[in-house]
2 protein chains.
Amino acid sequence: MKSQALHGHLDALLLSVLEGGALHGYAIIEALKSRSGGTLNLPTGTIYPALRRLERAGHVESEWSTVNGRERRTYRLTASGHRALAGERASWQELSSTVGRFLGTDTPPPATT
Amino acid sequence: MKSQALHGHLDALLLSVLEGGALHGYAIIEALKSRSGGTLNLPTGTIYPALRRLERAGHVESEWSTVNGRERRTYRLTASGHRALAGERASWQELSSTVGRFLGTDTPPPATT
DNA sequence: CTTCATAGGTAGTAAGGCTACCGATGTGGG
DNA sequence: CCCACATCGGTAGCCTTACTACCTATGAAG
């Protein structure tokens, strides 16, 4: 998939992987890759600036630690980040259902039965 | 909805409304508005440049006509536009299912069984 | 010692959509 | 008659976003 098609949803993806626990940048990339089945193979030049953006926005916090002599910056969601994620989810649903109406795909309610 | 969230799918939406028949710019805006239930209220500054982009790309053709003294530029899909729409649909499905995997919404396969 | 995986980062670019404008005509209200 | 509004088209400049292409450093493997 053309990763640039992510347009505006990168933040949501990052927040969603961090929802499962704090991770450092490199691990986030791996997580995205594996969870997407290899479809999302995002370069560091995409991830790191995005994380800094999220940090600036207060959605994540970072902490340095040294593991095996390697510096790691571990990111974790803030309360604001959790809220942002919820918002992103909502707007994704909206976008998805709106666009789906035109492109023939709809997002049927997950039927929480 | 924040319309800027459309990012990259505007073309697909335009192509899809034109799929139902040729329309002029203003009518396209109205069509998007009504089909989306009012969610998509796109300004002319978004639509017209997009249409020109599509025309430059050969996906639509335009024709001028005068109705009630008003100039209308009517756009219609070309063969290339139909193909492009199919492609857009496919990549939308891919994006939608990939992002959905992270944001909790999935686009369940239409079960072509 | 070189190469690879791990780990973090920056600079510059290109695309896309938005806001804010502008021009014109026909219709209807005051 | 004149003004406002809906219809119809369009452009200019801006901002955000993600990408490509780079750079740095360490530990392990060969």
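Values below: every heavy atom of this structure, side chains too, minus hydrogens, waters and symmetry copies. Quick caveat, the model's predicted, so the values are computed rather than measured. In what follows, every chain begins at residue 1, and chains take the letters A, B, ... in the order their sequences are listed.
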### Message
Determine whether a donor-acceptor pair (one donor, one acceptor, N or O, separation below 3.5 Å) exists between the side chain of B:T44 and the base of D:dG9.
### Response
no
### Task
Ignoring backbone atoms, test whether A:R73 places a side-chain nitrogen or oxygen under 4.0 Å from the OP1 or OP2 oxygen of C:dG8.
no
### Task
Quick one: label B:G45 by what it contacts on the DNA or RNA (base, sugar-phosphate, nothing), any heavy atom closer than 4.0 Å.
base
### Query
Is the closest side-chain donor-acceptor distance between B:E55 and B:S62 under 3.5 Å?
yes
### Query
Does A:E19 come within less than 4.0 Å of A:R89, counting only side-chain N to carboxylate O?
yes
#### Entry: Most 5' of A:R72 and B:P49 on DNA chain C, judged by nearest nucleotide
A:R72
### Task
For D:dT11, take OP1 and OP2 only and decide whether either is under 4.0 Å from a side-chain N or O of B:R52.
yes
### Message
Distance check needed: C:dG9 C1' versus A:I47 CD1, whole Å only.
### Response
13 Å
### Message
I need the NZ-C1' distance between A:K33 and C:dA7, as an integer number of Å.
### Response
13 Å
### Message
Does D:dC8 have OP1 or OP2 under 4.0 Å away from a side-chain N or O of B:H24?
### Response
yes
#### Entry: Nearest-Å distance for atom pair CG/P, residues A:N41 and D:dC19
11 Å
### Message
Tell me the interatomic distance from A:L51, atom CG, to D:dT17, atom C1', rounded to whole angstroms.
### Response
14 Å
### Message
What is the distance, to the nearest angstrom, from the CH2 atom on A:W64 to the C1' atom on D:dT26?
### Response
13 Å
### Query
Side-chain N or O of B:Y48 less than 4.0 angstrom from OP1 or OP2 on D:dG10?
no
### Query
Closer than 4.0 Å, any side-chain N/O of B:R53 to the OP1 or OP2 of C:dG17?
yes
### Comparing B:Y75 and A:D11 on DNA chain D - which has the more 5′ nearest nucleotide
B:Y75
### Task
Identify whether any heavy atom of A:G25 sits under 4.0 Å from a base atom; if not, whether one sits that close to sugar-phosphate; answer base, sugar-phosphate or nothing.
sugar-phosphate
